Structures are given as structure tokens and as C-alpha cells.
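Notes follow once the structure below has been shown.
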Amino acid sequence: MADILSVLSVKFVLLVFLGSVAGLFVGAIPGLSVSMATALLVSITYTWQTNDALAMVMGVYVVGVFSGAVSAILINIPGAPSSVVTTLDGYPLARKGQAYKALYYATIYSFIGSVFGLVALALLAGPVSRLAIKFRPMDYFLLALFGLATVGSVTSKNYVKGLISAALGLIVSMIGLDPLVGTPRLTLGISQLRGGISTVPALVGLFGFAEVLSVIFDGHMSQTVESMGHERMSLREVLRHWKLSLYSSLLGTLVGALPGAGGPVAAFLSYNEAKRLIKKPEVPFGEGAVEGIVASESSNNACIGGALIPMLTLAVPGDAVTAIILSVFYVHGLKPGPMFIRESASSFHAILLASFIACGALLVLGLLVAPRISKVISVPKNILLPIVTVLCVVGAFACNNRLFDVGLMFVFGLVGFLMRRRGYPAAPMVLALVLGKTMDSNFRRAMALAAVADNPLVSLFGHPITAFLLVCTVLVVLSNIPFFKRLTHRKKA
Amino acid sequence: MKKLGIVLLALVLCLGSALALAEYPDRPVTMIIPYAAGGTTDVYGRTLAALLEEQLGQSITVVNQGGASGSIGSQYVYDQPADGYTLLVCAETMGTYRTMGVCDLGYDNFTVISPLVGDPKIIVVGKDSPYNTLEELLAAIKEKPGKVTMAHSGPGGSGHNQGLVLGVFGYDVAMISFDSGNAALLGVIGGQVDFTNPNISTLGSYIESGEVKPLAVFASERLEAYPDIPAFTEVVPEAEKYLDIPYTVLTFCVKAGTPDDVVAALKDATKTVLASDTWQEFVRKNAANRIFEQYTTDEEIKGFYDHWQSVVCWMQYDAGVAPVSPETYGIERP
Amino acid sequence: MKQKCLHNHSLQEGVLFLLLGGALLRYGLDSHSKSFNKDWTQSAYLFPVIVALLLGALAVMLLVQGVRAADEKQAARGGEARRVLVVLGMTLAYYLALAVIRMPYLAATVFSLTLTLSTFEVATFAFLLVLMLYLGVRSRKVLLTVPLATTVFLSVMFRTLLRVLLP
């Protein structure tokens, strides 16, 4: 304990807070991503002391992940893929005039999720990383497939439409150089497409620009939210969902620890579990159930601690942000790996301490900002929409510094608009786009390993984790097919 | 009056020439790293940028433009004006883009300011592996051709090339492509793949922690930092001619056609940076190959890259990995 | 009956996705046969073929749904498609302005923050102003302050603080 506190100084705390405020902005503005901000920090903090740099970076990371929920709730545009799930219930709640309530829940449960993940990092880094290593290529494929199978069911009343959206996302993810052999696929001869389609233009287009077009189409320009509820919420009332939150946090930590899956998968799985476990929410899921926000925000913030585990113990980043934090380490001469926690104990403590302080900053900033920023929802649409459009353009441009991505953003916006009109959810497409490359390469890797194994079938499926994931996936798919649905209902009746 | 006119004219001419010779750089410079943040290229590129900033007296904005084996970022630099305001730190895939059919760029399209470092590669197996020495591993490969699995970091990359070298000497391994060298290493630690060949910079402390057993350095000499690990040529002496080049090569360059004075200014600044204590310490810590000291003159640099291209491109083509013949681009057989 | 089929959304979409899946399948098979790697497990086109088959199956399920629901009346929600087209046109103009027009950089430093005036700033201000006018904002004060504040905020934030290369 003593050496943990030795890193602590006023400057350290201030830097974490500074990072937290930056994270709040970056995460909440659609198109500005936490990974962009951390990439920038690598350059800025280059000459700093390692601990100072870590303080700032962790502040941005922890609060940035939370604040993706702010824009998700207020304008239906998730700040990052992992906040997509928050839009499902957060935005409906905000439209009922309860934006403050939604933000309050998001803040409290983001805090709980973050703390849970970080405690896991502090106490269980070793065992969790040993578990992560056990995951084989086939398991990664199945985990992603499982994610897509659930997302199809939670985002749409029509399962087929949800899956079609996912399939379209997979097709989009194939564009570009193939990850294993390097041949260009589906590039239509356009050289800018060789690098593939980044998540940011797709996310910003499908959610942001599509939202703008939808509102304009519906024509309720000057419509304002009926009544801005500012009901007093007792903390006790809010904390009623602690069980669900802990369960979601556990899922978030575990999924976060698996490189490549990350926040979006964790959030969708938790949401699906919440839907399965809570049969009678006060408000139905998808129409403003606070349970949806609890599940999504607890799990995506728990991913922070989870994603740091493989990064610190295996030098494998769990997501885009930890990939950049990894370069902060290298630039400062630190070598994450199996010996890191023992050999660079002071840096490890600095990370933990900075993250916990950032959690505190999250709580303070969230509670301070929520009542003020929730007024955004009452800004007339004809003023808000032009600004959102410009933010979409800038965000799409900034992710790769090329105008081509802005064009892509428009295309995705139009596609997203049409999909909405016909009842196709956009969320499965985004998730599929994020997971597509992982699925493709891991599937073929599994096939390649099986091809040279003595018994191909055992090599593919003969492992406990694989079997478990396979059963889960099959169950999710079956439970959504009308025939089996009727069967189970009859049994219950 | 006439005198005044001449003086004025002279003054204008002086000003004009002063403007034309305005010291490079007179505005901020951009450095493109054609890979995602966090990789070897990124780490060395950013370190170089931070040190170079001090020498040039202008800020250098580092931009990661990853994707497509680094060809997207390289293409971006090539599309910018050749004025020295867009710099590129690229990896060895630059030499194989054309024959791999990725894009039409090669080292010829850029002026090399300086080679940076080579990252040595080490053959490792998992801690529970039945193989304890390189001889045992090679014997197993001979015994079961195509059944022993090797993880590598991606098509046409340095790890893949190393597997091809094994193939040249009749060691037929099943190559499994991963997303990065680190992911390939985890495949070995997790026991899914038999062996791999990580860069020493990503291998980190796995040797000390005992998660992997190092079998050989994939080079013709042992490493200073790990004197106990044998060199590959000690077991397979005939591999010498493939191992006199590093397989991971980082290069600092600008677009070809950049004015000579700009190139000279960059070369000077880079030379100071590469000799600085910070850089030397950084390279030493990462146990990298110091190719920036090996190849300094223009002829040496050109000779190095030509030789590298010819060895690697032909090897890939002969192994059926590269679809385009190196002859198409006038690359001679080594 | 025929009339009904044409107006049934599920049927329309089912056919569209069936065609898309078919095209992808064709692309995958064609490209695989042309590539020099003949091993399906390692082919770059294995995954496209699988996804194409999946999409095809889903499209068939959508068609089945469509046939079952053929008798139900589908009330299309009315909307203002013309407005959407106009806004799309405006954003396209904005995009082109950013892509084509090259303006010199004019920079001024105020309190150590650099204010820049270039294509991005001018185009963004104009775009915001026009779009807000079109969407029915009439207050002069709002029409001037909001675009100005947004543009300055973005310009300072991106160019100076985040060092992003704006157009």
C-alpha cells in the first residue's frame, strides 16, 4: 500500500483530472474518438515523466469510454461502438424528457463498472491472462458469431432483419486487403478502399448522419421535448440494480480481456443477458428501460480493466485504445509482458492509481455535467442538426486525414437512413464491421490448424471453451427462430 | 537617381534569393507512419520524430495511416508534393509491394534519408514444447513435412519470409498467418502452434519469464544481449547467404525528387539524432540491429536495398507467395 | 395479386438481398478460381462465399415472411423526401467545396491560440448558415452566432489543440 501511494502527488491528481476533462469532451463529441486523443497524447507526453504521461492517458481513457454515452443518450449518436447499446434505451428515455435520469444512471453504473474492472486488474491479472491465452482461433470466431447472433435479436423485432444487417456489415468488413494473404477484395478498383473501411466513418454515418436525415424526413423541426423532468432520484432507488450491474461488469471484464472482442461485444452480451434475466422491467426494453443502460454502461466500462490485463501481462492490446497506450509504454522504455507487474511495479501502481482517480473524476464530472448538458435535448432541432452534420464531417475526416472517408460517411448515412425507414437496425452492421476481420482471419486460421492436425474435427471443436461457445451460439439462434419460440412458450403454458 | 535604382534592384534581388533559399523547414512538418499506433514502426518513428523536432526547429506532427501492409500511408506520402514537408518511416514491406501485387510503389519511389534499425528475429517454442534445440525442431520438420506449424505475423512480412528461407533448405513447415507478431507469439505460448519467430522487441520478457524457449537467432551471428542463444547458421551453415540481411528493416525516407538541399538538411539533422545518446540508448535497450551505422553513404544505402529486394522478392516468387515476377520490375536474381 | 407483391416491402428487400448474395457468391467463386492459391481453407474468398450463402438464406426467409404477410396492408409512413434530397445536395456541395477549393492559409494568433482562416472555415460557416436558413431558423442573432461559434470552436480545437490536418 505504501509504495502504491508513493506515486501520489498533487501534480499526479491534477493530470488525471485534466485528462478526464479532455476525455469527457472527446468521448461526447461524435466523431472524436478516445483512440484519437490518446494517439495525440503519445506525442505530447513524449518528453514527460512516465508516471505523468500515464496519469493523463488513463484519465482520458476511463472518462472517454463513459462519455460516449452522453451523445448516445442525448442525440442518439454513440460516441464509440461500445456505446451503441446505450442508445437503445438511453435515447428513448431522453425523448420522454428524462435525459437527466438516463445520464445519472449512466454515470453511476459506468463508475461501478470501471471500478469492478480495475479491481479485477489489480487482483486477478495473472489468472485472467492465463484464461485469455487458452482461447483458440476457433473460439474467437465463435465469440464474435455469438455476439452477432445476440445483437440480431436485441436490436430488432424481426430477427431476420437483424441478421441481414449483420451480414451486410460483414460484407463491408471484407473490403480491403485480406488479413491473411494480402489480396485485395471487393475494392472495385478504387485504391482508397484497399485499406478497408474504418469504423469511425461507418459509425458516424450510420448513426449521426442517418439521424439527421431521419429527423428532416419526419419534419418535426421545432418539436421540443414535452417536459424536462428533473425528478429527484434517491441513490438507493438508483442502486437497486446492483446485481445486474455486477453481472454485467463481470461479463465486461472477461470479454474485455479477450483481444479483439472488446466493448461492443461485452455491451451487447450484457444487454441480452439483462433482457433474458429481467422479465418484467418497469418500462419495456427498447423504450427506455434503465436496466438497459445499467447493463450496457457497467459492461463497457468494466472492459477498461479487462483490456488492460492482456496489454500489461501479454503485451497484446485488447482494443484500439490500449494499442496506443502500449506505444506510450514502449516510447517510455517500459516493456509490458509476463514480468511487467513484478518488474515495473511502480508503473503498474501508477496505472492503477490513475485509473481509480479517474473513476472518481468520472463520478464528479458526470454528476456535475449531467444536469447541465441534458438541456441539449431541448435545443431546437433546426439548430442542432446542422451542427451535428458538421461534426460528422469533421469526425469522419479526422480519423484518417482523408476526404474519402467523408464521402464514405455520406454513403453510410444514406444507407442507414434507408435501413431505418425499412426497419433494419444499424447496430448489428456496426458490430459486424468491427468484428468482421477478426472472424475472417480466425476462422481461416482455425481451418489451417485443423488441416494439418491428425484429427481435424477434434482440432476444431474438441476443447471445452469451444464447445461451450458453440452451444451458446446455437441456443441463441434457435431461441429466436419462431418455430422453437412457440415450442418453448407452449411448454411454459 | 540611377544609383538608387540599382541599389533598389540589388536589394530586391537579394530579398528574392533569400526567399528562394528560405531555410528548410520554415513550417511544421508531417511524419506519416503507415502502421497503427503501438507497433515497432510507430515506436521508432515517434522516437525519431521527437528528436528530429529539436534538430529541425519545427514541430513534427506524427500521423498514423495504417492499413494494407503500410501501402496506404506510403501512397499518401507519394501523392504529396516532393518538398520534404511530408516524411515517411516505412518497414520492409516497401520492398515487396510490387511483386506481392499490393501497389506500384517501391524503394525507388522514395529517397532514403537513412536506414533506421533492423529488428533481430529469434526462433522460439512454447515452454511445454518437446523441442529443446534447433536441431530437434529441424529434425521433426524433416520427419513430418508440412505438419509442424509455424506462426508468423502476416503475408509478405518478415516472419513469413523467414519461413520461406526454411523452405529453401527443404524444411517444409505449415505456416499459419496471424494478425501481428505478438498474436503469433501468443499462439505459441497458448500451445496452438509449434514455433514462431518474433522480433526481439516484441519478445520482451517472455524469455526471462520462461514462457518460451529460445532455440536460435535467425541470423549469422549471435546477439550481444543474448550470448547463449546460438545463431541459425551454426546449425545450418548453408543458410549464410540468406542471413546476411536483416528481415525487419525500418527506413526513414521522403518522396523521390525532393530538392537536394532539403534532403541534405534532413540527412544532417538525422545524422545528429542517430548519434545522440537518447537514440543510442533506445536502440541498445531494444537490442536492435544498427543498420543506420552500417549503411551511411548513398552507394551503401542503395546497394543494401537493391540486394534486399532481390533476395526477398525472388524468394517469395519462387515459393509461390508473390503473384508477380520480380523480373517485371527489373529486379535481378541474387 | 401482382400489384400487392410489388408493393410488399419484405418481398422487394428479399429479392434485393438475394441478388446481392448471388453477386457476392459469384464474385467469391470467380476470384478464387482465378487466384493462384487453390486451397479453399486458406483462400481469401472462403469467407465471402460463406457470408454470401448466409445472406442468401436470410433473403429466402425474408421472402417467406413477405409471402405470409402479403395480405396485410403496409402503410408507408409519409415523409418529406424532397427535403432530404435538398439537404443531401447541400452536404454534397459542402463536401465538394472542401475537396476542390484550395484557399491560402491566413493565420492570426490571439492569446497563444492560433485562429486560421481557410477553406474549411469559410465553407463550414456558409454551410451552417444555409442549412439553418433552409430548416427554418429566422432569428438573425442565432443565424450569425451559432455558425461562427461552431466554426471557431472546431477550427481551434482541431488545428491547434488536436493538430489534425483540416482541409
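Here the structure is a predicted model, which is why all the values come from computation and not from measurement. Residue numbering restarts at 1 for every chain, and letters A, B, ... go by the order of the sequence lines. Atom set for the values below is all heavy atoms of this structure, side chains included, hydrogens, waters and symmetry mates excluded.
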**Prompt:** Can you say whether Val406(A) sits under 4.5 Å from chain C via the side chain, the backbone, both, or neither, judging by heavy atoms?
**Reply:** both
**Message:** If we define contacts as heavy-atom pairs under 4.5 Å, which of Val137(C), Leu92(C), Leu55(C), Leu24(C) has the most with chain A?
**Reply:** Val137(C)
**Asked** Atom OG1 of Thr91(C) and atom CG of Leu213(A): how far apart are they, to the nearest 0.5 Å?
**Response** 7.5 Å
**Asked** Does some side-chain heavy atom of Tyr45(C) sit less than 4.5 Å from a side-chain heavy atom of Arg185(A)?
**Response** yes
**Prompt:** So how far is it from Leu135(C) CG to Leu385(A) CG, rounded to the nearest 0.5 Å?
**Reply:** 6.5 Å
**Complete:** Distance col, row Ile383(A):CD1 vs Leu131(C):CG, nearest 0.5 angstrom, shows 11.5 Å
**Asked** Once the angle between the rings of Phe410(A) and Tyr95(C) is folded into 0 to 90°, is it parallel (under 30°), tilted (30 to 60°) or perpendicular (over 60°)?
**Response** perpendicular
**Asked** Side chains of Phe120(C) and Val394(A): does their closest heavy-atom pair fall under 4.5 Å?
**Response** yes
**Fill in**
Applying a strict 4.5 Å limit to non-hydrogen atoms, the region of Val87(C) in contact with chain A is side chain
**Message:** Between Leu58(C) and chain A, with a heavy-atom cut-off of 4.5 Å, which part of the residue counts as in contact: side chain, backbone, both or neither?
**Reply:** both
**Asked** With a 4.5 Å limit on heavy-atom distance, are the side chains of Tyr134(C) and Asn382(A) in contact?
**Response** no
**Asked** Can you say whether Leu54(C) sits under 4.5 Å from chain A via the side chain, the backbone, both, or neither, judging by heavy atoms?
**Response** side chain
**Asked** Which heavy-atom pair separates Met132(C) from Pro386(A) by the least distance, and what is that distance?
**Response** CG-CG, 3.4 Å
**Fill in**
Interface check, chain C: of Val390(A), Leu170(A), Val212(A), most non-hydrogen pairs under 4.5 Å belong to Val390(A)
**Prompt:** What is the distance from atom CZ of Phe443(A) to atom CD1 of Ile50(C), rounded to the nearest 0.5 Å?
**Reply:** 4.0 Å
**Item:** Aromatic ring pairing Tyr424(A)/Phe17(C), orientation class (parallel under 30°, perpendicular over 60°, tilted between)
**Value:** perpendicular
**Asked** Can you find a pair of side-chain heavy atoms, one from Leu391(A) and one from Leu154(C), that are under 4.5 Å apart?
**Response** yes
**Asked** When rounded to the nearest 0.5 angstrom, what is the spacing between CG in Leu98(C) and CG in Leu403(A)?
**Response** 6.0 Å
**Request:** Compare all side-chain heavy atoms of Met174(A) with those of Val51(C) and state whether any distance is below 4.5 angstrom.
**Result:** yes
**Request:** Find the one option among Ile164(A), Leu414(A), Leu168(A), Leu163(A) whose heavy-atom pairs under 4.5 Å with chain C are most numerous.
**Result:** Ile164(A)
**Region of Leu186(A) in contact with chain C, defined by heavy-atom distances below 4.5 Å** = both
**Message:** Counting neighbours of OH on Tyr27(C) that are heavy atoms of other residues, nucleotides or ligands and sit closer than 6.0 Å, is the number greater than 12?
**Reply:** yes
**Prompt:** So which of Asp440(A), Val160(A), Asn158(A) has the biggest tally of heavy-atom pairs under 4.5 Å with chain C?
**Reply:** Asp440(A)
**Request:** Please lay out, stage by stage, how Val393(A) and Phe127(C) fare under the test side-chain contact (heavy atoms from CB on, under 4.5 Å).
**Result:** CA-CA 12 Å; Val393(A) 168; Phe127(C) 173 74; over 6 Å; no
**Prompt:** Considering all heavy atoms of both residues, which atom of Leu128(C) and which atom of Ile387(A) are nearest to each other, and what is their separation?
**Reply:** CD2-N, 3.8 Å
**Asked** Measuring from Leu85(C):CG to Ile216(A):CD1, what's the distance to the nearest 0.5 Å?
**Response** 11.0 Å
